[in-house]
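Inspection log for the structure reproduced underneath, given as structure tokens.
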Amino acid sequence: MLSGKRILLIISGGIAAYKALELIRRLRERGAAVTPVLTSSAREFVTPLSVSALAGEKVYTDLFDLTDEAEMGHIQLSRVADLVLVAPATADLMAKMAQGSASDLASTLLLATDTPVMIAPAMNVRMWEHPATQRNLDTLKRDGITVIGPDEGDMACGEYGRGRLVEVPQIVAAVERALADGPLKGRRVLVTSGPTHEPIDPVRYIANRSSGAQGTAIAEALRDLGAEVVFVTGPAEKARPTGVEVIEVESALEMRAAVLGALPVAVGVFAAAVADWRVAQASGSKIKKQAGRLPVLEFAENPDILAEVSALGDERPGLVVGFAAETDDVVANATAKRWRKGCDWILANDVSPATGIMGGSENAVVLISEAGAEPWPRMDKRAVAERLAARIAEALGA
Ligand code: C5P
């Protein structure tokens with residue numbers, strides 16, 4: 001249910017705008033109050049009168065509407081809601097959002113808001129697939145905006161493909177998920193994920209095979225329990241989680257700076273596969289190939305971020321969780337690692353090639369804590385993440 005929740009619904013122009021009328025009805029049926037905002041092109045598709053009749057509220061349309069400024073300024077309007085929902089979101093509005101443009105009421109509200117934002121894009125398939133829209137989409141996801149859809153199917157313009165607004169019940173379900181009062185609501189948590197890239201010169205680097213799958217799933221599971229997640233990720237192939245703050249880094253040194261900058265947090269989960277060494281003196285220019293001479297790289301040890309955070313005083317998170325990827329004596333090695341690193345829990349897994357875990361979709365972990373070793377059955381990485389998130393909530397007494 002959405003009782004007591006207020007949604008600022010921004011309707012942008014496009015044939016799918018008519019579905020916003022149905023959306024308003026369904027949101028209100030679930031108990032939400034809806035403050036509607038129409039862009040000027042949306043007014044070509046739906047009338048302010050029908051929108052306001054269904055919402056039972058005034059419709060906001062113009063930035064320079066002086067009455068509105070007297071009653072409620074745009075900054076306040078952008079912040080009265082529990083969620084800002086853009087449905088449908090056109091390619092144009094997505095571009096404005098990605099640019100940080102404030103050229104009309106809708107884009108100004110989106111720039112001024114401090115409330116979570118969810119968008120449901122709808123547009124022609126070519127427009128959706130255009131590199132510019134995909135670039136904007138990446139930017140918006142990195143900015144922590146939740147994106148639902150679009151769906152694939154027949155389009156009003158006669159073409160077939162991805163670009164249809166997701167069905168109204170799905171949008172309502174996503175809104176309910178986003179506004180759920182989970183047990184970790186109000187808790188700030190940090191998750192590190194992915195590999196690190198250690199530069200050799202401007203074009204070469206040392207990397208590892210981490211896909212970021214487990215770290216991403218953990219960030220999503222913590223988000224779904226209501227946590228405010230800071231996701232510090234190296235250059236991983238896995239798509240970034242939505243609805244979280246994403247900080248992109250390349251090297252271990254950058255990851256360390258991002259982690260320390262994100263503190264204080266209630267919980268730190270360190271799932272990144274951080275390179276143990278970096279090249280001591282990365283070259284500022286490309287190292288030239290020289291006949292008969294091989295370059296010699298000297299290494300320096302990277303800081304152990306998990307150990308450093310575990311050893312902090314006042315700023316130490318209340319719960320610090322590390323990972324241990326082992327190939328033999330998993331429990332013994334991981335138990336020793338827990339002591340060495342000073343963290344509270346270690347999730348240990350056997351990454352011997354025969355297990356197929358590294359790069360695979362499943363994981364078999366042992367949770368090592370003060371209480372001892374607790375093996376979990378082999379399961380999907382998503383299920384491991386959900387179980388870990390539930391245990392974290394339990395440990396926090398949430
Ligand atoms: O020592 P090892 O790399 O096996 O430790 C793994 C754990 O330590 C993981 O939780 C990993 O994210 C973390 N780690 C770290 N900084 C490093 C190396 C590992 O945070 N430089």
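Residue numbers start at 1 and run along the sequence shown. None of the values given here were measured: they were computed from a predicted structure. Whatever order the structure lists ligands and atoms in, that order sets their numbers, starting from 1.
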Any non-hydrogen atom of Ala252 lying under 4.0 Å from ligand 1?
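Ala252 does not count as a contact of ligand 1 under the 4.0 Å cut-off.
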
Taking a cutoff of less than 4.0 Å between a non-hydrogen atom of the residue and any ligand atom, is Lys341 in contact with ligand 1?
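Yes.
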
Measure the distance from [atom] to every protein heavy atom, then report the residue, atom name and distance (to 0.1 Å) of the closest one.
atom	answer
atom 3 (O) of ligand 1	Asp276 OD1, 4.0 Å
atom 9 (C) of ligand 1	Phe323 O, 3.3 Å
atom 12 (O) of ligand 1	Ala272 O, 2.7 Å
atom 16 (N) of ligand 1	Ile305 N, 3.0 Å

Heavy-atom distance to atom 20 (O) of ligand 1: which of Asn333, Val259, Leu306, Leu347 wins?
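Looking at heavy atoms only, Leu306 sits closest to atom 20 (O) of ligand 1.
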
Going by heavy-atom distance to atom 17 (C) of ligand 1, choose the closest among Val309, Val321, Val274, Leu253.
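Checking each option, the heavy atom nearest atom 17 (C) of ligand 1 is found in Val274.
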
pair Val175-Leu2: side-chain heavy atoms closer than 4.5 Å
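Answer yes - side chains close enough.
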
Would you compute the distance between atom CG of Asp62 and atom OG of Ser40 and round it to the nearest 0.5 angstrom?
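Asp62 CG to Ser40 OG: 8.0 Å, rounded to 0.5 Å.
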
Can you tell me how far CD of Glu308 sits from CZ of Phe270, rounded to the nearest 0.5 angstrom?
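These two atoms lie 9.5 Å from each other.
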
Once salt bridge (Lys or Arg N to Asp or Glu O under 4.0 Å) is applied, do any residues pair with Arg340, and if so which ones, sequence neighbours excluded?
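For Arg340, no residue satisfies salt bridge (Lys or Arg N to Asp or Glu O under 4.0 Å) once neighbours in sequence are set aside.
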
Start with the C-alpha distance between Asp104 and Ser107, add both sets of side-chain angles, then the distance that settles side-chain hydrogen bond (donor to acceptor under 3.5 Å, both in side chains), and finish with yes or no.
CA-CA 6 Å; Asp104 59 6; Ser107 53; 2.6 Å; yes

Suppose I only count heavy atoms of Phe270 and a 4.0 Å limit; which atoms of ligand 1 are within that range?
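Within the 4.0 Å cut-off of Phe270, ligand 1 contributes 9 (C), 10 (O), 11 (C), 12 (O).
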
Suppose I only count heavy atoms of Gly322 and a 4.0 Å limit; which atoms of ligand 1 are within that range?
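Reading through ligand 1 atom by atom, the close ones are 10 (O).
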
Based purely on interatomic distance, does Lys337 place a nitrogen or oxygen under 3.5 Å from a nitrogen or oxygen of ligand 1?
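Yes, there is a polar N/O contact under 3.5 Å.
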
Tell me, yes or no, whether the heavy-atom count around Phe45 atom CZ, taken from other residues, nucleotides or ligands under 6.0 Å, exceeds 12.
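Enclosed.
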
Connected-component partners of Val331 among ILVMFWY, side-chain separation under 4.5 Å:
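Via sub-4.5 Å side-chain contacts, Val331 links to Ile346, Val366, Ile368.
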
Within 45° of the ring axis of Trp376 and under 6.0 Å from its six-membered ring centre, is that where the NZ or CZ of Arg387 lies?
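Yes.
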
For ligand 1, the portion of Pro303 having any non-hydrogen atom under 4.0 Å away:
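Within the 4.0 Å criterion, Pro303 contacts ligand 1 through backbone atoms alone.
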
